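Worksheet for the structure shown next.
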4 protein chains.
Amino acid sequence: MEDLSKFRGVIPPVIIPLKGDRTLDAVSFERSIDRMIEAGVDGLFFLGSSGEVAFLTNDERDRVLTAALKIVDGRVPVLVGIIDMETMRVIDQAKRVSKHEGVDALVATAPFYALGGPIETERHFRAIREHTDLPLFAYDLPVSVHTKLNPEMLMRLGTDGVLQGVKDSSGDDVQFRWLMIENEAAGHPMQLLTGHEVCVDGALLGGADGSVPGLANIDPVSYVEMWKASQQGDWGRVKELQDHLAKLMMMTRGIKATVGFGAGVGAFKTALWQMGIFETNQMREPVAALQGDDVRYIVRVLRQCGVIPKESLMRQAWD
Amino acid sequence: MEDLSKFRGVIPPVIIPLKGDRTLDAVSFERSIDRMIEAGVDGLFFLGSSGEVAFLTNDERDRVLTAALKIVDGRVPVLVGIIDMETMRVIDQAKRVSKHEGVDALVATAPFYALGGPIETERHFRAIREHTDLPLFAYDLPVSVHTKLNPEMLMRLGTDGVLQGVKDSSGDDVQFRWLMIENEAAGHPMQLLTGHEVCVDGALLGGADGSVPGLANIDPVSYVEMWKASQQGDWGRVKELQDHLAKLMMMTRGIKATVGFGAGVGAFKTALWQMGIFETNQMREPVAALQGDDVRYIVRVLRQCGVIPKESLMRQAWD
Amino acid sequence: MEDLSKFRGVIPPVIIPLKGDRTLDAVSFERSIDRMIEAGVDGLFFLGSSGEVAFLTNDERDRVLTAALKIVDGRVPVLVGIIDMETMRVIDQAKRVSKHEGVDALVATAPFYALGGPIETERHFRAIREHTDLPLFAYDLPVSVHTKLNPEMLMRLGTDGVLQGVKDSSGDDVQFRWLMIENEAAGHPMQLLTGHEVCVDGALLGGADGSVPGLANIDPVSYVEMWKASQQGDWGRVKELQDHLAKLMMMTRGIKATVGFGAGVGAFKTALWQMGIFETNQMREPVAALQGDDVRYIVRVLRQCGVIPKESLMRQAWD
Amino acid sequence: MEDLSKFRGVIPPVIIPLKGDRTLDAVSFERSIDRMIEAGVDGLFFLGSSGEVAFLTNDERDRVLTAALKIVDGRVPVLVGIIDMETMRVIDQAKRVSKHEGVDALVATAPFYALGGPIETERHFRAIREHTDLPLFAYDLPVSVHTKLNPEMLMRLGTDGVLQGVKDSSGDDVQFRWLMIENEAAGHPMQLLTGHEVCVDGALLGGADGSVPGLANIDPVSYVEMWKASQQGDWGRVKELQDHLAKLMMMTRGIKATVGFGAGVGAFKTALWQMGIFETNQMREPVAALQGDDVRYIVRVLRQCGVIPKESLMRQAWD
């Protein structure tokens, strides 16, 4: 059976460029989105964690999404995060997102803030399904929501038509492998995407339907090439590209000023700024833009990986 | 120096009664609030974790708060939770809450969802302060937000006038003791309240300014009496009341159907329903109301603690 | 019923002095033990976490225990840790300890290293009981063994005669309060001791049988006085002493060179060295003795709390 | 440069068969070891977590190792775990192990029980090196020791000649990928082995020097074939074998009676018993052997994966 799904291949979670005043820089946004589409990505995921969804008010989310959809203009499928605390708030986000034309799927995490158990997690996804129409992806992100989605539950939700697929950013490759095997045995009801930038090769070898790598904002071409090589069974080439991308990902781990999101997405924004795609590396409150040694470190990684020319000048402060 | 603050004593986080359709039951809400005020509580905290804030859409939060303020009508100080993921969303909640007349203070947690560090946590509270006018309490709730507020940071924020006080639900009594000692040494800039229902006696002995116990929805009189006894130095009576309340709190720990919030607040709602204060023990999606054996267990605890008469009938299903 | 147990009151976990070559300094050991006994402690606990049990080979444990028992010479009851990974290794330690004359009770944690569940934890204590004769205390120390002992299980083990008592260092004061209440209701089969230095007052108010505070190595007199005041119901005095001890405990939290055990027990050893009770603040491999600013910080705390004279000289490096 | 190291390929951590009385079953031990060597494994790892090292007294460890070395008789390299709490106890284990003829390398975890930081972890491995002569592997097992080994530290220890290699059971494939890349860049000073049974294919694609899979006790042939296929670049075959092994590994996840070690190694022992290699599925105290439905479930997985014939009889209770 041919797989006709539009939710496969490389689907970057889109990072948003900000002006110095921390509002959306629409010009850079267009430049970055166009660049990814021209590189051949198979879809785009807006309002995800890397898209600073947690830092945007509802009105700002609306504005970002409006701008995004206008830029994409139907060129690739669009997935949109409906990230909020508990079920009815998530459904509220879903209703807001669904008013926009051009959204192809919704992406929801497990509920968070109030401690729950497996019964509440499963009911959560079923309730979202009952209140919405668009295809729904489960976003497995225990680092943010402190619940790991159980593969058996995901299979039930997939075969019951609740879920269209899973974006796995759990870092638990054992569970993801089992999920892929059981999804295959059940007739492949779900599209299984890995968000694990550095281990996409292993996931593809294991049968993943694609990837959602934040790092593809910086180097979309290599992720697209890796995906194509995997489809052709050229695993030597896949490994080569993954090694290059793993080295590039090292930009996130030598950051000294802070930890977590500010270091990870902060490094990505700094790279896009230094590459001339963004005009700043500004972040949303309460996160500060990376500076000084951290910027120099990132530039060094970009040069070593050949993403910017070795002799290029470092861009200086933007404000 | 006499302490004139209005944020001390017993300040219950108010649990909300729902109708079978999961919307606010305004009649029971009034009954429960009146009962607590008549018992002598010193304030009320709305839209906290126990108030299902994470489960309410923004519109629903507005409706709950409107109803609450109308019922309270200035009889006691009102604290209101502005619970959301990251800084700008929290400030957005603060603006919405601040439009209401009769709100005396705001209560905010550390940011959550996006992984951060101490720099972001401190900046978060300062940014909220810059964008709001009402007194601000920090809500230390690592079980929900996965960040423990550092006592040294809290002291800086208190002495800088950012924080009016702290509601400590961290369960870390060592850190809370040190915070009380240093707050005292600094001239008592902050009101320090414990949310730790079962250990209020130790906190009061250590110098806490009051408590924010969910269990006071069920037995406000005992918490008020315990507070008064502590003010008179009658620690034998304090212990006696705390032992009674600790036994009553056992209603939350024998629940079989689920874990976490659904067991804890679920038990409180079930008690209020069985006591005739609420008309149901309904919960918000995705949490199910407790049933069967769990209800019988809670009734047994209520009878043993003398909260309902031993020969009382158990209320049956409400839908 | 009069409580005749010898396991109540203040029972310090004994910290061991080392020479520069990291072997036991028997002279300082005697000085420190004598000082605590003269201060009126009700027992001593050897080979606990604070006693560096994890850092001593079996032969070294034997030597420390031999020296300890000779010094104590029956003046107070002696509890001894039988700390090892899983059941049969713990029993092996118990057999080794039981060969010594003068040991009054054994102290064992939950099993660690191999991940287990509640069934294995309960079986563990029952198996130890089957293979040993001395009274057995459960040591609740999740920070080290990553299992919290369940109060219901502890009650079963207490009423079945498996456990003589519990040393609670879990930091979970809610569970400990419930345990005290249920132990009382069951006729007080177990002696319940808190290891929570900074919150002993609350535990005593709640009905604890005593404390096992590492800080009592530094200031045994205040812990003994606090215990006596609590027995007389003088809670104002209890609070005063606890506040003093909480301030003294701050010596452990400003350490910059390292974290965890090296900072905590490292600070205690540094205090004992500066007070002239130990000749060094040496630690066992792989932990380094505190130096420089950390030592100065500890001396400052000791002076502020009046433990050493304000004008005293700081002792300089010992090697 | 040709890699002449003897520590590469498939090196199973050897599971030990017990008699009903929980002592070593030497006959089954020989059968199982011979079977793995005949399947072509490249080495054997004794006294690891799967080998119940935490459950064996020092004397029992000696007996197991004596029996193991006699059976192996130099046919393959032998690695031996020196698992104990803190540095000097680990060195004590190393000395005991080093007295045996035929041991090729030692394997040590980070220190555990006493909370430490990165300084202590690094010093720990350096101290072991100073006190021993055999090649030393670091065993990265945060699930047991609650410390993740930092790749930068591992690279320092590798280039300084402290470590011969790493057995990675951390489940953190991002860090492991980075470690492989940096090890390669540094001239491959360390042998990097994955203990992650279900994701060996991705690790080999990423450049791992081999694997240490507990599941190879059950199906050594498939792991050996997978290794050979990877050396020939036949990634389609690698994936096929890994999928088979991932399905076989499902035997560990449907266990109902317990969790963790008792479910994981318990399932492996039950499989070996049902396959006729072990005479029982007995475990060490405090772990109980799996029974009833759990055994039936494991037999079903073994049949589905073709490891035992579909029509085979299930072996009944052994005691």
Side-chain angles (χ1 to χ4, degrees), chain A residues 143 148 150-152 168-185 194-208 213 215 226 229-230 232-254 264 301 304-305, chain D residues 143 148 150-152 168-185 194-208 213 215 226 229-230 232-254 264 301 304-305:
Chain A
V143 74
K148 169 78 188 89
N150 178 287
E152 272 115 339
D168 181 89
S169 296
S170 72
D172 188 332
D173 293 339
V174 173
Q175 300 286 337
F176 191 59
R177 184 64 168 251
W178 281 338
L179 183 60
M180 290 191 285
I181 287 173
E182 294 186 322
N183 192 49
E184 203 55 40
T194 179
H196 216 167
E197 279 103 345
V198 169
C199 309
V200 174
D201 58 347
L204 294 177
L205 186 59
L215 188 63
M226 179 163 58
S230 79
Q232 294 156 5
D234 184 356
W235 296 103
R237 180 69 182 141
V238 167
K239 174 208 171 22
E240 211 172 273
L241 288 157
Q242 182 64 82
D243 275 343
H244 158 71
L245 290 163
K247 283 176 202 164
L248 189 55
M249 189 70 183
M250 284 183 192
M251 77 172 75
T252 61
R253 73 165 193 174
V301 173
Q304 281 165 357
C305 292
Chain D
V143 75
K148 168 79 186 90
N150 178 287
E152 272 115 338
D168 181 89
S169 296
S170 71
D172 187 333
D173 292 340
V174 174
Q175 301 286 338
F176 192 56
R177 184 63 166 254
W178 280 338
L179 183 60
M180 288 191 287
I181 287 173
E182 294 187 321
N183 191 49
E184 203 56 38
T194 179
H196 217 167
E197 278 104 344
V198 168
C199 308
V200 173
D201 57 349
L204 294 178
L205 187 59
L215 188 63
M226 179 163 57
S230 78
Q232 294 155 7
D234 185 356
W235 297 103
R237 181 68 183 141
V238 167
K239 176 208 167 26
E240 210 172 275
L241 287 156
Q242 181 66 83
D243 275 342
H244 158 72
L245 290 163
K247 283 176 202 165
L248 189 56
M249 189 69 184
M250 285 182 191
M251 77 171 76
T252 60
R253 72 166 193 174
V301 173
Q304 280 165 358
C305 293

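Quantities reported herein were computed from a predicted structural model and do not represent experimental measurements. Chain letters run A, B, ... following the sequence lines, proteins first and then strands; every chain starts at 1.
No salt bridge links A:Asp201 with A:Arg237; every basic N to acidic carboxylate O contact stays at or beyond 4.0 Å. Here D:Asp234 does not pair with D:Lys239 in a salt bridge; the nearest charged N to carboxylate O distance is not below 4.0 Å.
With a 4.5 Å cut-off on side-chain heavy atoms, D:Gln304 and D:Lys247 do not count as touching. Between A:Met180 and D:Asp243, every side-chain heavy-atom pair lies at or beyond the 4.5 Å cut-off.
Proximity to chain A is limited to the side chain of D:Glu182, based on heavy atoms less than 4.5 angstrom apart. Contact annotation for D:Met249: both backbone and side-chain heavy atoms come within less than 4.5 Å of a heavy atom of chain A. Both the backbone and the side chain of D:Leu205 come within less than 4.5 Å of a heavy atom in chain A. Contact of D:Glu197 with chain A is not made at all, since no heavy-atom distance falls under 4.5 Å.
Donor-acceptor pairing under 3.5 Å is recorded for the side chains of A:His196 and A:Asp173.
The candidate from A:Phe176, A:Trp235, A:Trp178 with the greatest count of non-hydrogen atom pairs under 4.5 Å with chain D is A:Trp178.
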